[in-house]
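A quick write-up on the structure given underneath.
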Amino acid sequence: MDQSSIDALRAQDIAPRGHFINGRSQDGETGARHQVLSPINGQPLALIAEGTPADVDMAVRAARGAFEDGRWSRMAPAGRKKVLLKLADLIEARALELAVLGVRDNGTEITMAYKAEALSAAATFRYYAEAIDKIYGQIAPTSGDVLGLVHHAPVGVVGAIVPWNFPLMIGSWKIAPALAAGNSVVLKPAESASLSLLKIAELAAEAGVPDGVFNIVTGRGSVVGEALALSMDVDIMVFTGSGTTGRRLLEYSARSNLKRCYLELGGKSPNIVFADAPDLAEAAKVSAAGIFRNSGQVCVAGSRLLVQQEIYEDFVAEISRHAEGFRVGDPLDLNSQIGAVHSLPELQANLDFVTKAEAEGAERRTGGNRILTETGGYYMAPTVMANVKETDTLFQNEVFGPVLAVTPFADEDEALRLANATVYGLAGGVWTSNLGRAHRMVAGIRAGVVHVNTYGGADLTVPLGGVRQSGNGHDKSLHAIEKYFDLKTAWIKL
Ligand code: ADP
């Protein structure tokens, strides 16, 4: 990855994009498109098809038809594996192109997008491709006059709705296991970050995924997303996004065909630093990256920092120093450590959180303001808000921006109580040299993942999913594939 290749890719015009249905780009019912702005400079970037319920219907019919005729669903797992491995190779070969395209509409710093988006998508397709011909059914321990077989049957048509922060990474966490298991997929990307996923659909066709098996309908959540989740012919929904939309999906399911909904929602993850942390300097450095990279637009971001009283002031000063040290700027500049906030409304919402926090008595130690306004892009200074109280809006609500809420605690009991004092349960972190305390905190923090003496960075081998109002179900690891199968029993009299 070098700057001149990145600059050459960013200079390329982006042609107006259609949906991807039945193996090809299609304009859809009305041919209408919406304008996508680039967060890098606020300028028009691309025209994306504005989907309608009829477009969703067309995609679901294509997906259902492909599923029923068995062109993919009844292909031997080893055959699907071969195609998906080829797709992984194609993604890897085009990784920089995919990463730059994705950064142009979502604003993530290129160093992160290249690894966590493009290369991670390739790795995810490879992982599930390799897994799929190693998953066995079962023979039940019945009496000798019958045979009970438990099959893994693909569920049928999978509806997937993904957000704008990591479209390729999160998209492939859903598409790869769904396809590997033999399902057809209809995906709706975020309206402001569809470009890189549309490219993946083209690469999937090139790799040999048959027509109709993988479809994308672009457009608004309230139109395309709603129609997909209300469809009587979609068998399960997999979703990453806000709690508000997650609730809606459950309503759509209840109003339609009771499809199962797997929801990865927001978080307000506690990152707890004890005075006995093995290396406080390292804890400050990693914790700063854990909230500020990708401008805090990371669902598992350690957005609530809980610091033990005796080290509180020093630690807040150290993390504020790191916050000020980050180079925020053009996400396609290799020197930038942090890129853009995704959109103007997101930026405004972040700033409003800061204003409200100050009104509620929190202290702004650094940041809290829009920067680089002259670029026309959406950038915000990494922000540290100290002395945030449990009852404050900033303690209780997800910002999804580069805003850290810091709260002191006295002892382990108080740390645990504060850690669990929100409705969320996605991630957490604990920094301590005391092994017993580390295990007690892992057991006590109500979250899908708890990091110890680090924050973030878990790989594909472990599941990611929330508890409480952070959702249900898991992406990543072999566990993720379970939801894309129904268990089917054959009871055979011998
Ligand atoms: P975020 O805060 O990450 O934008 P959203 O839940 O609004 O969270 O968006 C995540 C995804 O959900 C996007 O693809 C968006 O278009 C979609 N979405 C938004 N509203 C709805 C809805 N009413 N029904 C279905 N999908 C929706």
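Atoms within each ligand, like the ligands themselves, are counted from 1 in listed order.
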- Query: Any salt bridge (charged side-chain N to carboxylate O under 4.0 Å, His left out) pairs touching residues 287-303, not counting sequence neighbours?
  - Reply: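 Sorted result for residues 287-303: Glu109-Arg293.
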- Contact list for residues 187-216, test salt bridge (charged side-chain N to carboxylate O under 4.0 Å, His left out), sequence neighbours left out: Glu97-Lys199, Lys188-Glu191, Lys199-Glu202
- List the atom of Tyr424, the atom of Lys268, and the distance in Å for their closest heavy-atom pair. CD1-CB, 3.5 Å
Contact table ligand 1 N or O to protein N or O, d under 3.5 Å:
| from | atom 1 | to | atom 2 | distance (Å) |
| --- | --- | --- | --- | --- |
| ligand 1 | 4 (O) | Trp164 | NE1 | 3.2 |
| ligand 1 | 6 (O) | Ser242 | N | 3.0 |
| ligand 1 | 6 (O) | Ser242 | OG | 2.7 |
| ligand 1 | 6 (O) | Thr245 | OG1 | 2.7 |
| ligand 1 | 8 (O) | Ser242 | N | 3.4 |
| ligand 1 | 14 (O) | Val162 | O | 2.8 |
| ligand 1 | 14 (O) | Lys188 | NZ | 3.3 |
| ligand 1 | 16 (O) | Lys188 | NZ | 2.9 |
| ligand 1 | 16 (O) | Glu191 | OE1 | 2.6 |
| ligand 1 | 16 (O) | Gly221 | N | 3.4 |
| ligand 1 | 23 (N) | Tyr252 | OH | 3.1 |
| ligand 1 | 24 (N) | Gly221 | O | 3.2 |

- Task: Ignoring hydrogens and angles, state whether a donor on the side chain of Thr461 or Lys476 is under 3.5 Å from an acceptor on the partner side chain.
- Result: no
- Item | Residues which pass ring-ring contact (aromatic ring centres under 6.0 Å, His included) with His451, listed by chain and number, not counting sequence neighbours | Tyr455
- Message: Please confirm whether the ring centroid of Trp164 lies under 6.0 Å from the ring centroid of Phe400.
- Response: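 Here the rings of Phe400 and Trp164 have centres that are less than 6.0 Å from each other.
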